[in-house]
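A short write-up of the structure that comes next.
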2 protein chains.
Amino acid sequence: MPSKPAPPITIDAVYAAPGYLFRRMQQIAVSIFMEECKAFDLTPVQYAALIAIHTHPGIDATRLSAVIAFDRSTLGSVIERLQAKDFIERKPAPEDKRIKLLYLTKSGAAILREIIPAVERAQARMLEPLKPADRKALMGLLVQLVDLNNEASRVPLRAEDALEHLGKGG
Amino acid sequence: MPSKPAPPITIDAVYAAPGYLFRRMQQIAVSIFMEECKAFDLTPVQYAALIAIHTHPGIDATRLSAVIAFDRSTLGSVIERLQAKDFIERKPAPEDKRIKLLYLTKSGAAILREIIPAVERAQARMLEPLKPADRKALMGLLVQLVDLNNEASRVPLRAEDALEHLGKGG
DNA sequence: CCTAGATCATCAGTATACTGTCAATCAACA
DNA sequence: TGTTGATTGACAGTATACTGATGATCTAGG
């Protein structure tokens with residue numbers, strides 16, 4: 001039985017590597033998102049944050065970072081920008097002076113309703129080159145892989161963390 | 001025939017969106033890469049740049065950005081860091097004063113040989129949670145999708161650009 | 001009550017990404 | 001030959017990501 005040959009040090013090996021393909025696809029996805037949504041001045045990250053705050057009004061920044069699996073440090077500046085655009089507001093929590101609670105403003109709720117069709121178009125465009133059956137297969141595999149690799153990332157997704165702020169007695 | 005229902009504005013819709021999954025998978029891939037390669041002080045981008053320079057010695061920065069589909073502006077600082085670590089060197093092109101040609105140093109060639117096993121481990125770990133058949137299926141679909149969406153990104157891959165510096169008379 | 005450990009927000013530092021601009025240089029053409 | 005247009009490298013500005021540190025605050029235990 002011949003042993004596996006040493007991989008060649010060429011750029012073609014990189015083109016077929018999972019890490020390269022994931023990076024490339026992410027670049028493409030962001031590019032398509034920005035193109036479809038350029039009228040709204042919202043990045044993909046800002047959009048996800050708005051959706052999460054809409055789903056969990058009164059969430060704090062640390063829990064928000066767990067709910068969308070975004071880096072906590074980065075999220076600070078994302079929140080600042082959303083606040084500067086008057087899409088969200090921060091209110092100090094009465095029972096805990098460390099925490100600032102996040103809420104959508106009317107502008108934030110409005111832009112969320114308006115941007116949805118553009119976001120849907122963007123998501124559809126990302127997969128458009130594939131046949132419908134292949135789109136389903138790819139999404140199914142990706143959902144699995146992201147879920148099974150959840151702990152591998154420094155900021156794992158903790159969707160259930162969002163519930164904590166509703167009542168600590170749970 | 002009922003019209004498609006309006007998508008709900010909830011975080012669960014985001015979890016299943018292609019754009020979110022690509023971003024998440026990219027985060028996971030970088031995290032795994034950095035973990036496996038932490039002994040070498042090389043990022044995924046720096047690794048890809050080194051491989052490309054190894055494959056195309058004497059390439060210039062603009063062509064390099066086309067060959068690995070990385071942003072040209074960002075690549076400037078990537079090159080600076082690689083040069084600071086003494087992994088590459090830049091030589092002015094005798095026939096064109098605008099261009100600086102990129103070459104691996106001995107250190108650069110050495111670290112490339114040494115890091116390959118760690119990179120292979122990282123790439124394998126990214127797909128490890130899937131069954132072997134599913135890994136193949138996912139990679140096949142991703143290669144297709146990235147290729148078919150190549151023009152959608154601001155910096156499309158132009159692998160053939162690398163050949164130009166070898167002889168403009170082609 | 002007071003301290004030890006945990007939690008929250010913030011900041012400093014590094015590394016990707018992308019947009020847009022600029023000067024130096026080159027190539028092509030009138 | 002002199003000018004136009006394209007190319008190259010560099011830079012400024014914005015936005016994500018991650019690491020690590022810090023101070024304010026809360027909770028638990030003594």
Side-chain angles (χ1 to χ4, degrees), chain A residues 19 22-24 26-35 38 41-49 59-66 68-85 90 92-102 153-156 161 164-165 168, chain B residues 19 22-24 26-35 38 41-49 59-66 68-85 90 92-102 153-156 161 164-165 168:
Chain A
F22 291 135
R23 170 182 303 272
R24 194 82 189 87
Q26 217 267 320
Q27 287 177 342
I28 291 167
V30 170
S31 178
I32 291 176
F33 184 103
M34 295 304 282
E35 200 174 312
K38 61 170 174 267
D41 188 31
L42 266 192
T43 67
V45 167
Q46 290 168 12
Y47 168 77
I59 198 172
D60 62 279
T62 295
R63 250 165 278 281
L64 178 60
S65 89
I68 52 185
F70 286 167
D71 180 75
R72 176 62 187 89
S73 294
T74 308
L75 196 56
S77 54
V78 173
I79 287 172
E80 255 179 38
R81 284 184 279 273
L82 286 175
Q83 197 173 14
K85 293 177 191 173
R90 316 178 73 176
E95 78 284 1
D96 190 335
K97 290 175 189 168
R98 294 170 303 177
I99 296 178
K100 297 177 184 173
L101 306 178
L102 301 170
S153 71
R154 175 87 194 295
V155 188
D161 276 18
E164 288 184 20
H165 73 292
K168 310 230 170 162
Chain B
F22 291 135
R23 170 182 302 273
R24 194 84 189 86
Q26 217 267 322
Q27 286 178 344
I28 291 166
V30 171
S31 177
I32 290 175
F33 184 103
M34 295 303 282
E35 201 176 311
K38 61 171 176 267
D41 189 29
L42 266 193
T43 68
V45 166
Q46 292 169 11
Y47 168 76
I59 198 172
D60 64 278
T62 296
R63 251 165 277 282
L64 178 59
S65 89
I68 50 183
F70 288 168
D71 180 74
R72 174 64 187 86
S73 294
T74 307
L75 196 56
S77 54
V78 174
I79 288 171
E80 256 179 39
R81 283 185 279 273
L82 285 175
Q83 197 173 13
K85 293 177 192 173
R90 315 179 73 176
E95 78 283 2
D96 190 334
K97 290 176 190 167
R98 295 170 301 177
I99 295 178
K100 297 178 184 174
L101 307 177
L102 301 170
S153 70
R154 174 90 193 292
V155 188
D161 275 19
E164 288 182 22
H165 74 290
K168 309 230 172 165

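A, B, ... follow the sequence lines: proteins, then strands. Residue 1 opens every chain. Since this is a predicted model, take the numbers as computed values, not measurements.
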Sorted by chain and number, sequence neighbours left out, side chain to side chain contact (heavy atoms under 4.5 Å, CB included) with E80(B) holds for none
Residue list, side chain to side chain donor-acceptor pair (under 3.5 Å) with Q26(B), at least two apart or on another chain:
none
Using whole Å, report how far CD1 of I59(A) lies from P of dC8(C).
11 Å
Report yes if a side-chain nitrogen or oxygen of R81(A) is closer than 4.0 Å to either non-bridging phosphate oxygen (OP1 or OP2) of dT14(D); otherwise report no.
no
For a 4.5 angstrom cut-off between non-hydrogen side-chain atoms, does V78(B) reach F70(B)?
no
If I take atom CG in residue L64(A) and atom C1' in nucleotide dA9(C), what distance separates them, rounded to the nearest angstrom?
13 Å
Between dT16(D), dC18(D), dT8(D), spot the one nearest the side chain of S77(A), thanks.
dT16(D)
Separation of dC8(C) atom C1' from I79(A) atom CD1, nearest Å, is 12 Å
Between E80(A) and I28(A), which has a closest nucleotide on DNA chain C that is more 5'?
E80(A)
How would you summarise protein contacts on nucleotides 21-27 of chain C per nucleotide, using B for base, S for sugar-phosphate only and - for none, with heavy-atom distances below 4.0 Å?
---BBS-
Measure CZ/R24(B) against P/dT16(D) and give the value in whole Å, please.
17 Å
Heavy atoms under 4.0 Å, any strand shown: does T62(B) hit a base, just sugar-phosphate, or nothing?
sugar-phosphate
Indicate whether OP1 or OP2 belonging to dT16(C) is found under 4.0 Å from a side-chain N or O atom of Q46(B).
yes
With R90(B), which residues qualify under side chain to side chain contact (heavy atoms under 4.5 Å, CB included), at least two apart?
I79(B), Q83(B), K100(B), L102(B)
Picking from dT16(C), dT8(D), dC8(C), which would you name as closest to the side chain of D60(A)?
dC8(C)
Would you mind reading off the distance between K85(A) atom NZ and dT14(D) atom C1', rounded to a whole angstrom?
10 Å
Main-chain N/O of F33(A) paired to K38(A) side chain as donor or acceptor, under 3.5 Å
no
Side chain to side chain contact (heavy atoms under 4.5 Å, CB included) partners for S73(B), two or more places apart
D71(B)
Look at the side chain of Q27(B) and decide which nucleotide, out of dT16(D), dC18(D), dC18(C), has an atom nearest to it.
dC18(D)
5' precedence on DNA chain D between K100(B) and F70(A) (nearest-nucleotide basis)
K100(B)
What is the distance, to the nearest angstrom, from the CG atom on L101(A) to the C1' atom on dC8(C)?
12 Å
Closest contact, heavy atoms only, M34(A) versus L42(A)
SD-O, 4.0 Å
Partner residues of K97(A) under the salt bridge (charged side-chain N to carboxylate O under 4.0 Å, His left out) criterion, sequence neighbours left out
none
side-chain N/O R72(B) vs dG9(D) OP1/OP2, d < 4.0 Å
yes
Between P on dT16(D) and CD on Q26(A), what's the gap in Å once rounded to a whole number?
12 Å
For L75(A) and dC18(D), what is the distance between atoms CG and P respectively, to the nearest whole Å?
12 Å
Scan V30(B) against the nucleic acid and name what it touches under 4.0 Å (heavy atoms): base, sugar-phosphate only, or nothing.
nothing
